[in-house]
Amino acid sequence: MKLAKTLALGVALAVAMMAGTASAKDIKIGLVVKSLGNGFFDAANKGAQEAAKELGGVEVIYTGPTSTTAEGQIEVINSLIAQGVDAIAVSANDPDALVPALKKATQRGIKVISWDSGVAKEGRILQLNPSSNELIGKMCLTLAKDHLEGGKGDFAILSATTTSTNQNIWIDQMKKQLKDFPGLNLVTTVYGDDLSDKSYREAEGLLKSNPNVKVIVAPTTVGVLAASKVVEDKGLVGKVYVTGLGLPSEMAGAIKSGATKEFAIWNPIDLGYSATQIAYRLVKGETDGKPGSEINAGRMGKIKVGDNGEAAMADPFVYNASNIDQFSKVF
């Protein structure tokens, strides 16, 4: 009898230890992107997987809809809730439409953050911006100016979706800061929905309708690549330039063809890495993510949450012919 009790106690302890080990090694983080098949988000996933490996016992579920719609992301979020993930980190297609689904996730004990493109405050704990919105807006205008002779002329914007949070904030910042760039004239803004074919058609259409446009600024890696292709296909290299935010691996050809002189982007690998680190710290209870808090983000150091519940990772970096070969092999 004593032996049986001892064995039973041993089994119970083993089960408890196994359960404890499982809970410690079973942190699931849903990394929800605007759409799958996008080079920027594929690079962010590399960083997320790097963080998961570094932290240990973390599974990153890289997922998103096939097109840039809020409806598609809501389906993905509901699926993650059903899977019982511990955290959701989402780059939103719409700042408001995702809130009800994310509130449901929060009610289930899931830690929710947004990154890259944010959701409304009531739908998340914090928003991780890739850079300062003001600096991104200023950078886009500076790039446009640098592509125009004498820094003066007409330019147009090719954005993602009309509801894309980060795109709209950056465009708003560009408009606010235009007064500091008296030579620039914004002619129009068109939307390619972060789809290559539609972005191509929109860029093609805006150049046809506005022949005086000499620069297209696309604050989206899909848009800047598509617009560069239009300039090349239409034989407009040297007459029209494209710039904005893009991935070095995808923009190397545009730099070498002369369709663009330079563009900017933060490191999406670092962005995915940081978002995963923050989600993990929230799940582990190491931070509450409230304004004023500083969150350990591994090799990215400590990231401070501002009064508005937003944090910024880093300033944009400019890529051109002098460094494109070096970085195009990285992301």
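Counting from 1, the numbers follow the sequence of the chain as shown.
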Got a donor-acceptor contact below 3.5 angstrom from the [X] side chain to the [Y] backbone?
{"X": "Ser199", "Y": "Ser196", "answer": "no"}
{"X": "Arg124", "Y": "Gly118", "answer": "no"}
{"X": "Ser249", "Y": "Phe331", "answer": "yes"}
{"X": "Asn320", "Y": "Glu262", "answer": "no"}
{"X": "Thr165", "Y": "Val119", "answer": "no"}
{"X": "Asn210", "Y": "Asn212", "answer": "no"}
{"X": "Gln73", "Y": "Ser91", "answer": "yes"}

Under 4.5 Å between any side-chain heavy atoms of [X] and [Y], yes or no?
{"X": "Lys198", "Y": "Tyr191", "answer": "no"}
{"X": "Thr287", "Y": "Leu282", "answer": "yes"}
{"X": "Tyr241", "Y": "Thr260", "answer": "no"}

Quick one: [atom1] on [X] to [atom2] on [Y], what's the gap to the nearest 0.5 Å?
{"X": "Thr162", "Y": "Asn168", "atom1": "OG1", "atom2": "CG", "result": "7.0 Å"}
{"X": "Asp172", "Y": "Asn133", "atom1": "CG", "atom2": "CG", "result": "9.5 Å"}
{"X": "Leu206", "Y": "Lys208", "atom1": "CG", "atom2": "NZ", "result": "12.5 Å"}
{"X": "Ile27", "Y": "Asp86", "atom1": "CD1", "atom2": "CG", "result": "6.0 Å"}
{"X": "Ser35", "Y": "Leu195", "atom1": "OG", "atom2": "CG", "result": "7.0 Å"}
{"X": "Leu245", "Y": "Ile136", "atom1": "CG", "atom2": "CD1", "result": "6.5 Å"}

Considering only distance and modelled atom types, tabulate donor-acceptor pairs under 3.5 Å from the side chains of residues 37-47, sequence neighbours left out.
from	atom 1	to	atom 2	distance (Å)
Asn38	OD1	Phe40	N	2.9
Asp42	OD1	Tyr62	OH	2.9
Asn45	OD1	Gln49	NE2	3.0

Pairs meeting criterion salt bridge (charged side-chain N to carboxylate O under 4.0 Å, His left out) with involvement of [range], two or more places apart:
{"range": "residues 64-79", "value": "none"}
{"range": "residues 244-255", "value": "none"}
{"range": "residues 227-243", "value": "Glu204-Lys234, Lys229-Asp233"}
{"range": "residues 143-169", "value": "none"}

Original post:
Does Asp270 have any salt bridge (charged side-chain N to carboxylate O under 4.0 Å, His left out) partners at least two apart in sequence or in another chain, and if so, which?
Top reply: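 So Asp270 forms a salt bridge (charged side-chain N to carboxylate O under 4.0 Å, His left out) with Arg299.
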Subject >> Test salt bridge (charged side-chain N to carboxylate O under 4.0 Å, His left out) applied to Asp180 - qualifying residues, sequence neighbours left out >> reply: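 Salt bridge (charged side-chain N to carboxylate O under 4.0 Å, His left out) check on Asp180 returns nothing, list empty.
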**OP:** List, by chain and number, the other hydrophobic cluster members for Met139, where Ile, Leu, Val, Met, Phe, Trp and Tyr join if side-chain heavy atoms come within less than 4.5 Å, directly or indirectly.
**Re:**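 Besides Met139, the cluster holds Leu143, Val318.
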**OP:** Answer with yes or no whether the side chains of Gln177 and Glu134 bring together a donor and an acceptor at under 3.5 Å.
**Re:**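 Glu134 vs Gln177: no donor-acceptor pair found between side chains.
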**OP:** Ignoring hydrogens and angles, state whether a donor on the side chain of Ser164 or Lys34 is under 3.5 Å from an acceptor on the partner side chain.
**Re:**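 Their side chains do contain a donor-acceptor pair, which is all the 3.5 Å distance test asks for.
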Subject >> Contacts of Lys256 that satisfy side-chain hydrogen bond (donor to acceptor under 3.5 Å, both in side chains) - sequence neighbours left out >> reply: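 Checked Lys256 against side-chain hydrogen bond (donor to acceptor under 3.5 Å, both in side chains); matches are Asp325.
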With a cut-off of 3.5 Å and sequence neighbours excluded, list every side-chain donor-acceptor pair involving residues 303-316.
from	atom 1	to	atom 2	distance (Å)
Asn308	OD1	Glu310	N	3.1
Glu310	OE1	Asn129	ND2	2.8

Subject >> Summary of ring pair (Phe, Tyr, Trp, His ring centres under 6.0 Å) pairs that have at least one residue in residues 268-292, sequence neighbours excluded >> reply: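 For residues 268-292, and leaving out neighbouring residues, there are no ring pair (Phe, Tyr, Trp, His ring centres under 6.0 Å) pairs at all.
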Give every donor-acceptor pair under 3.5 Å between a side-chain atom in residues 105-113 and any protein atom, sequence neighbours left out.
from	atom 1	to	atom 2	distance (Å)
Thr106	OG1	Leu102	O	3.1

